[in-house]
> 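Please read through the structure below; I'll follow up with questions.
FYI, side chains are in, hydrogens and waters are out, and symmetry mates aren't considered; it's all heavy atoms of this structure.
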Amino acid sequence: MREAARLAPGIHLPGDGFISFFGFGQFQGSGYSVVIANSINLSDKAHWVWRETLAIHRRAPETRIASSLSSIEIFVALYYGGILEFDPQEPFWDMRDRCVISKGHGSICMYPILAELGYFPRSELQRVCQTGSFLGGIPDPVIPGYETINGSLGHGLGVATGMALGLRRKKHPRSVFVVCGDGELHEGANWEAIMFATQHGLDNLHLIVDDNKTAMLDYTDNILSHQDLAARLEAFGWQTVRCDGHDTDALQTVLSQMKSTNSGQPKALLASTIKGRGVPGLENQPLAHILNPKRELLDSLLGDSSDE
Amino acid sequence: MREAARLAPGIHLPGDGFISFFGFGQFQGSGYSVVIANSINLSDKAHWVWRETLAIHRRAPETRIASSLSSIEIFVALYYGGILEFDPQEPFWDMRDRCVISKGHGSICMYPILAELGYFPRSELQRVCQTGSFLGGIPDPVIPGYETINGSLGHGLGVATGMALGLRRKKHPRSVFVVCGDGELHEGANWEAIMFATQHGLDNLHLIVDDNKTAMLDYTDNILSHQDLAARLEAFGWQTVRCDGHDTDALQTVLSQMKSTNSGQPKALLASTIKGRGVPGLENQPLAHILNPKRELLDSLLGDSSDE
Amino acid sequence: MNKPRAMRDELLENIWRAMDSNKEIFFVSADFGSPVLDRIRSDYPERFVNVGVAEQNLINVSAGLALEGFQVFAYAIAPFITMRCFEQIRVSLALLSEVRQMNVNLIGVGAGYSYVMSGPTHQCYEDITLMRSLPNFQIFSPADHKVAGLLFQHCVDHSGPKYLRLDAQVLPTIYEDAAPSLKKGFHVHQAGDTTCVMATGYMLHTALEIAASFRQQGIELGVIDLFDLARFDQTELIAELQEYTHLVTMEEGFHGRGGMDSLLFELIARHDLDLRMLNLGIDGKYRFELGSRVELHEKAGIGPVAAAKRISAFLER
Amino acid sequence: MNKPRAMRDELLENIWRAMDSNKEIFFVSADFGSPVLDRIRSDYPERFVNVGVAEQNLINVSAGLALEGFQVFAYAIAPFITMRCFEQIRVSLALLSEVRQMNVNLIGVGAGYSYVMSGPTHQCYEDITLMRSLPNFQIFSPADHKVAGLLFQHCVDHSGPKYLRLDAQVLPTIYEDAAPSLKKGFHVHQAGDTTCVMATGYMLHTALEIAASFRQQGIELGVIDLFDLARFDQTELIAELQEYTHLVTMEEGFHGRGGMDSLLFELIARHDLDLRMLNLGIDGKYRFELGSRVELHEKAGIGPVAAAKRISAFLER
Ligand SMILES: Cc1ncc(C[n+]2csc(CCOP(=O)(O)OP(=O)(O)O)c2C)c(N)n1
Ligand SMILES: Cc1ncc(C[n+]2csc(CCOP(=O)(O)OP(=O)(O)O)c2C)c(N)n1
Ligand SMILES: [Mg+2]
Ligand SMILES: [Mg+2]
């Protein structure tokens, strides 16, 4: 299983795979990589995550639901689509791909994913935002599976470029993925990192923009538009590709192609998404970010089997 | 003279020129605008400034000479080429064009210009960097003629966009000019401002990049390249134009065209310059920023009539 | 009128009301809102701008607007409007205002633990220290929406850069009837025997609660609300403090790291007051625990129960 | 060896020497140099990177490298490496290091007035306060190149985020023969009668000069160099302070705003020391005057002459 996992489609190991570098990070064979066979139906999985995320939000209305619904398929493709190497038993397994979830506030959908993969007991999902729980409104690396501090936008990409450079210098075969919001890309710090990644040809760096075209108070275009974001990133020397951010198969295909393309340029996937996807009243609502669906709406969306 | 000045070529007054807006800033007729007739030979003026700047540096080696030599023609075109409206007798005259000198460290050449224009006595030029002088190694608005605090890079453009928006909202006819370094544009804060200016269609905002392709430790391309900076700015929605940053006539022409073009886009002039221009050993030297020419070299460049 | 409401809503409503006649007010947000903000956005679109998720530019744009004569209110989450753009604040506000006249008012929402569920990036324990480090800044830390609302007129009347540190939660109204004197910068809620509790922001609520419980044990604690952390009336405050032998400071921020306690240390040393001090604040570490605000406070030793115990122990020493 | 040299050159030389055998060292600069840096750049191009004029990214890249196991030295001008990227430091270093192991050492050059001619943006009076506000940070403020050089081994041996506050000028060597104990975090230069002067960084030179002149008048001042501003040995320092009735603090930064003086206020209050304090530092305003460092110091009241006068007056009170 583990060998198979490592050789699953979409996993590219340059050279002979594992090389040894100073002190830390030698391949220990201790990893347990949950890269998934083709048997998993990604869109079913996404639907399950969608339900679980709504259920969490019903229990913990402090969570940002609209933001967390737009990124579900992205994370499903990354974690169930054979894109990332990881080991729930050893979250900081050196041979993992690094996944930096920079739009932390909008990643509550990772809670059911991480729980199901075995990072922590599923029972924790019942306690989100409760006293004593480690699953808060904004995830931090006190949660197994998270790499960096979240909540403050615009840090993930910079830290990720540092990791990508570090991996490169160690001749480490793994990649770095970062998931950002489109509003988040207003932060100038990102553009410093974008220039940096180009300068150093960090083609082990993958930026995924959850491009729901909405920030906190409005559509991003009405606040500070990225106009043609792909064109901007390309002018900055990045390879970019856009796809439907709710189509798990498309995401899987594109991500696995991205991961195996190494042409000396950092890569960005602009995932076209809908903030508050699947919830009437949130979809296409400029203030979706701060809206909480009514309890009754959540109930009707979930039916009565929601709290499995 | 003052009327003539105001109608000099390159000065564009939208509508009927002066409009009244709340409380402050009504046109008082108190301004004395030194916009210069065609009789001034700009390149002679630039040469004079060059000599004066070297002379200042000879007296005050703490000043950044290479940076200050690359921007001479830009400032000569702005201040003697009929581009800016200003009044040395009333530095904060409301009807002035705002000129924000963001690369403050590299604007020592403004000292002779401001002194000659009458912002302060020429005798002050003898005291640069001396105890009790107000002309330091990095100019601040304690010097008449400076708008903002300098020294820390990457603030000028943001403040200038705020001014440009403010002028626009007051229906004030004047423009904002900002002079930045190319290295300075690494700072992410600039890119926040660049997006902002596009969003608000600030075509009263003019960025001039002293594009000497060199930052502090090296050529900018070796540190963090802008690659094709014009393409990047255009992707961000700016109108851009490039010209020889040491050709005063070209600068004058381009700047006056820029100023009179109002198409709803902010504008950038990329002035191709040479750091340390005219000083052997500084030109094309990646470390020009921190080098001080030897006293003998300065003497020979200046001849013996240097201290006028 | 005295129904508790969010500090920001009271302040923003005053701003909104004034924007009709006062054409110099400009409101700038870094993609941060409130119900009242929607009114500002829709009624004064010419003098409202959302700079996006870009706090650095928030400050620089505000500075530019202020240089053009606008009275600027800049609005964002407290840790971001103070820390993400700290050097912009230093250069374009604290420093520039020493040379040029400008009126910029930073409104930071989310003092202390007030964003309970959002973890340490949204919680704010360093802002008093940071803003105190900057000359030329006025700093206000109100304890209820009444004082938050009063600050509006002060901001418009007084030039210079200011920081308004607002709570994110709806807190009970403290100043039901009488408004405190902004000029004095502090308000004496009750006189005490030997011990005075000086609190700011949310902690005033805790201080009053503790004082009430001490009263039942026959101990009268003095309680002072220090809501102006930069330009309060020193002479008057010293006169108050001279009545006491013990001083307890309470702030929802790190203690011993340049916050309100450090301000009082300085004051006491400068004026040779003979006061023993207990400084209640958050210990120097970040916390990832979840819980209600009171629970988090109790764990941190600044909740009503924990703090009362520490004050008792202090008095017995 | 004891020829005075720039603190940064001594530190950077130690880093450069070690980079050959210690493959984990990574050096990151925000387009800031020194002669020794050129050697690092040319000899270890794989472990040197210039992020450009981009301090925010300097910190985040350093954090990323540290998460990958590198021992990172990040290098820039003091006000920019502390203030321009303050929230990056908070989030990606102070906060993240509470959960994940990382070793990042911020080297800031230009303490206090040391960039005399470059005006207030380059001068740095707030950095001690800012870095002290952050939990998990170690803070060092050496007074000569010897101590600056010693810090290298400490940085490599001890994980966690650290701030090294270096002077930009070449200062006389203080620790000619014996090195001070880094573990203790302070060094007693001389014992005094009733009054102890505690100084950090450049101000130690002034303190020693003043102590020499007081000696000629028959007064022995104690002089202590406090070069570790976060984790010095409290017990030992308190034992020292107990010998005195008067304490003078000297720092090249604002006084009364969370700097070294505030640290000592806290220490003294916590341990009920009976000490009168005089806190010498820069008054809360920015200055645009030009002059030599000593001239600027005299004007600010912290030069050898002005400070000596103030200390005399303090002792006479
Ligand atoms: C530095 C910082 N500034 C402001 C905020 C407040 N904030 C939280 S979410 C958000 C909107 C983010 O929009 P986007 O990045 O597009 O994320 P998404 O739409 O996926 O929620 C804002 C402004 C923050 N968390 N961090
Ligand atoms: C925020 C900030 N970071 C770093 C510096 C140090 N610094 C001064 S000049 C300079 C290089 C600037 O290069 P560029 O902007 O291209 O200016 P020029 O070449 O015209 O001198 C640097 C890094 C600074 N002044 N401000
Ligand atoms: Mg979005
Ligand atoms: Mg340059």
> Nearest 0.5 Å, please: how far is CE in A:M163 from CG in D:L65?
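Here the interatomic distance stands at 10.0 Å.
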
> Looking at side-chain heavy atoms only, is the closest gap between A:E192 and D:V51 below 4.5 Å?
no

> Any luck finding a side-chain donor-acceptor pair between D:E87 and A:H155 under 3.5 Å?
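Result is yes, a qualifying pair exists.
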
> Yes or no on side-chain contact (heavy atoms from CB on, under 4.5 Å) for D:V49 and A:L165, after CA distance, side-chain angles and deciding distance?
CA-CA 10 Å; D:V49 71; A:L165 180 68; 4.2 Å; yes

> Do you know which of D:V99, D:V91, D:N57 has the most heavy-atom pairs with chain A at a distance under 4.5 angstrom?
D:N57

> Could you tell me whether D:E68 and A:R98 have a side-chain N and a carboxylate O separated by less than 4.0 Å?
yes

> Between atom CZ of A:R168 and atom CD of D:E46, what is the distance when rounded to the nearest 0.5 Å?
10.5 Å

> Side chain, backbone, both or neither: which part of A:Q199 has an atom under 4.5 Å from a heavy atom of chain D?
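Nothing of A:Q199, per the 4.5 Å heavy-atom cut-off to chain D.
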
> Kindly compute the distance separating CZ (A:R169) from CZ (D:F70), expressed to the nearest 0.5 Å.
8.5 Å

> Using heavy-atom distances under 4.5 Å, tell me whether A:A189 contacts chain D through its side chain, its backbone, both, or neither.
both

> Could you tell me whether D:K285 atom NZ has more than 12 heavy atoms of other residues or ligands within 6.0 Å of it?
yes

> Measure the CG-CZ distance between D:N50 and A:F196 for me, rounded to the nearest 0.5 Å.
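Nearest 0.5 Å value for the CG-CZ distance: 9.5 Å.
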
> Are D:Q56 and A:E187 packed together at the side-chain level, in the sense that at least one heavy-atom pair is separated by less than 4.5 angstrom?
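Side chain of D:Q56 against side chain of A:E187, heavy atoms only: no contact under 4.5 Å found.
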
> Is there a side-chain contact between A:T148 and D:S92, using heavy atoms and a 4.5 Å cut-off?
no

> What closest approach, in Å, do D:L96 and A:P141 show between heavy atoms, and which atom pair accounts for it?
CD1-CG, 4.0 Å

